[in-house]
Amino acid sequence: FGSVGAVGVAIAGAFFSTQPKAAPAPARWSVGAISGIAVLVLIFAVSNCVSEELQGRAQIEYENRKLPTAVETLQLARRIAPYNSSLHHDAGEILLELYQRSREPERLEQATTAFATAVRLSPLKSGSHIGYGLCLSSAGRLSEALLEIQRAQRLYPSSAYVQSIARIRSEEHTSEL
């Protein structure tokens, strides 16, 4: 999305540059509308760049096993770009891992919320459905978990990863009945 900022600058530059003397001046409302759109494009581009930078920083923190710091960094990124489903997905993965280590129910609730938001924002991404299903399974909500895993299966039927998780969860559910 870095090119979106360049496009915004080009649009703003084109409309704020001096016009040849022979050309009539554009209507005031059109200059204002175009300027407003250019500003919005620039704001979107900047927020996207900043959130991507924070996501990269969180990845490094995760790789260095600084999980709570990585979660804090992703929470800042999610405040800047709340529409970015991958930020919610990444936070969900780290929070689920923190839950599995600590068994703190608050971590599981946070992970579940993060994955649910990722699913809501990007319902066609199978990874978020898998993560959400794993959270639901950890919370003992097995029927709901299986539905999420099945959604992931339908979205990405050729994935060995998705198929393996679906098979394991299905076998667990069958053995518990």
Undergrad: Flag yes if Leu67 and Leu95 sit in one hydrophobic cluster, no otherwise; membership is Ile, Leu, Val, Met, Phe, Trp, Tyr, and two members link when side-chain heavy atoms are under 4.5 Å apart.
TA: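 Yes, it is one cluster - the side chains of Leu67 and Leu95 are joined through contacts under 4.5 Å.
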
Undergrad: With the 4.5 Å side-chain cut-off for hydrophobic clustering, are Val162 and Ile165 part of the same group?
TA: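 In one cluster with Val162: Ile165, yes.
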
Undergrad: Let me see the working for Gln55 and Gln59 under side chain to side chain donor-acceptor pair (under 3.5 Å), right down to the final yes or no.
TA: CA-CA 6 Å; Gln55 187 175 22; Gln59 179 66 35; over 6 Å; no

Undergrad: Quick one: closest heavy-atom pair of Cys135 and Leu108, and the distance?
TA: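 So the minimum-distance heavy-atom pair works out to O-CD1, 3.8 Å.
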
Undergrad: Is there a donor-acceptor pair closer than 3.5 Å between any side-chain N or O of Asn64 and the backbone N or O of Ile60?
TA: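 Judged by distance alone, yes, a pair lies under 3.5 Å.
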
Undergrad: Would you name the heavy atoms of Ala70 and Ala58 that are closest together and state the gap between them?
TA: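 Minimum heavy-atom contact is CB-O, 3.6 Å.
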
Undergrad: Start with the C-alpha distance between Thr112 and Tyr99, add both sets of side-chain angles, then the distance that settles side chain to side chain donor-acceptor pair (under 3.5 Å), and finish with yes or no.
TA: CA-CA 11 Å; Thr112 303; Tyr99 165 73; over 6 Å; no

Undergrad: If you measure from CG on Leu54 to SG on Cys49, what distance do you get to the nearest 0.5 Å?
TA: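 One gets 11.5 Å once the value is rounded to the nearest 0.5 Å.
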
Undergrad: Listed by chain and number, what are the ring pair (Phe, Tyr, Trp, His ring centres under 6.0 Å) partners of Tyr132, not counting sequence neighbours?
TA: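 So Tyr132 forms no ring pair (Phe, Tyr, Trp, His ring centres under 6.0 Å) with any residue.
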
Undergrad: Between Asn84 and Ser51, which heavy-atom pair has the shortest distance, and what is it?
TA: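 In terms of heavy atoms, the two residues are closest at ND2-OG, 4.2 Å.
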
Undergrad: Taking a hydrophobic cluster as the set of Ile, Leu, Val, Met, Phe, Trp and Tyr residues connected by side-chain heavy atoms closer than 4.5 Å, whether directly or through intermediates, do Leu76 and Val50 fall within one such cluster?
TA: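 Result: yes, single cluster for both.
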
Undergrad: Under the rule for salt bridge (charged side-chain N to carboxylate O under 4.0 Å, His left out), what residues qualify as partners of Arg101, not counting sequence neighbours?
TA: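 With neighbours one apart ignored, the set is Glu97.
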
Undergrad: Do side-chain atoms of Thr73 reach the backbone of Thr69 as a donor and acceptor pair under 3.5 angstrom?
TA: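 Side chain of Thr73 to backbone of Thr69: a pair is present.
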
Undergrad: Could you state whether Val71 and Tyr62 fall into the same hydrophobic cluster, counting links through intermediate Ile, Leu, Val, Met, Phe, Trp or Tyr residues with side-chain heavy atoms under 4.5 angstrom apart?
TA: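 Val71 clusters together with Tyr62.
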
Undergrad: So with a 6.0 Å cut-off around CD of Gln100, is the heavy-atom count from everything else above 12?
TA: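 Yes - once you tally the heavy atoms of other residues, nucleotides and ligands closer than 6.0 Å, there are more than 12.
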
Undergrad: Testing the basics here: between Ala145 and Gly133, what is the closest heavy-atom pair and its distance to 0.1 Å?
TA: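 The pair with the smallest heavy-atom distance is CB-O, 3.2 Å.
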
Undergrad: Could you measure the distance from the CD atom of Glu93 to the CD1 atom of Ile130? Nearest 0.5 Å is fine.
TA: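 With rounding to 0.5 Å, CD (Glu93) is 10.5 Å from CD1 (Ile130).
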
Undergrad: If you group Ile, Leu, Val, Met, Phe, Trp and Tyr whenever their side-chain heavy atoms sit less than 4.5 Å apart, what else falls in with Ile43?
TA: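 Its cluster partners, ordered by chain and number, are Val39.
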
Undergrad: If every non-hydrogen atom of Ala111 is compared with every non-hydrogen atom of Gly92, which pair is closest and at what distance?
TA: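 Closest approach of Ala111 to Gly92: CB-O, 3.7 Å.
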
Undergrad: Under the rule for side-chain contact (heavy atoms from CB on, under 4.5 Å), what residues qualify as partners of Ser102, not counting sequence neighbours?
TA: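 With sequence neighbours excluded, Ser102 shows a side-chain contact (heavy atoms from CB on, under 4.5 Å) to Glu104, Arg107, given in chain and number order.
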
Undergrad: Going from NE2 on His89 to CD1 on Ile94, what distance comes out if it is rounded to the nearest 0.5 angstrom?
TA: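 Those atoms lie 10.5 Å apart.
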
Undergrad: Under a 3.5 Å distance rule, please check whether Thr113 uses its side chain to pair with a backbone N or O of Glu109 as donor and acceptor.
TA: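 Yes: the side chain of Thr113 pairs with the backbone of Glu109.
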
Undergrad: Once you round to the nearest 0.5 Å, how far does CG of Leu87 lie from CD of Gln75?
TA: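 That separation rounds to 11.5 Å.
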
Undergrad: For Pro82 versus Leu121, what's the shortest heavy-atom pair and its separation?
TA: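 Scanning both residues completely, I find the closest heavy atoms to be O-CD1, 3.4 Å.
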
Undergrad: Does the separation of the ring centres of His88 and Phe115 fall below 6.0 angstrom?
TA: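 No, too far apart.
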
Undergrad: Is Ser122 reaching over with its side chain to a backbone N or O of Val119, donor-acceptor style, under 3.5 angstrom?
TA: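 The answer is no, because no donor-acceptor pair under 3.5 Å joins these two groups.
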
Undergrad: With a 4.5 Å cut-off on side-chain heavy-atom distances among I, L, V, M, F, W and Y, is there a chain of contacts connecting Leu134 to Tyr156?
TA: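 Yes, one cluster joins them.
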
Undergrad: Roughly how far, to the nearest 0.5 Å, is the OG atom of Ser86 from the CD atom of Glu52?
TA: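 That separation rounds to 8.0 Å.
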
Undergrad: Given a cutoff of under 4.5 Å between side-chain heavy atoms of I, L, V, M, F, W and Y, with clusters grown through shared members, what are the other residues clustered with Leu124?
TA: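 The other cluster members (ILVMFWY side chains, heavy atoms under 4.5 Å, direct or chained) are Leu155.
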
Undergrad: Roughly how far, to the nearest 0.5 Å, is OH of Tyr83 from OG of Ser47?
TA: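 Between Ser47 OG and Tyr83 OH, I get 3.0 Å after rounding to 0.5 Å.
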
Undergrad: With a 3.5 Å cut-off and sequence neighbours excluded, list the donor-acceptor pairs that the side chains of residues 146-154 form with protein atoms.
TA:
{"unit_1": "Glu148", "atom_1": "OE1", "unit_2": "His129", "atom_2": "ND1", "d": "2.6"}
{"unit_1": "Glu148", "atom_1": "OE2", "unit_2": "Arg151", "atom_2": "NH1", "d": "2.5"}
{"unit_1": "Gln153", "atom_1": "NE2", "unit_2": "Gln163", "atom_2": "OE1", "d": "2.9"}

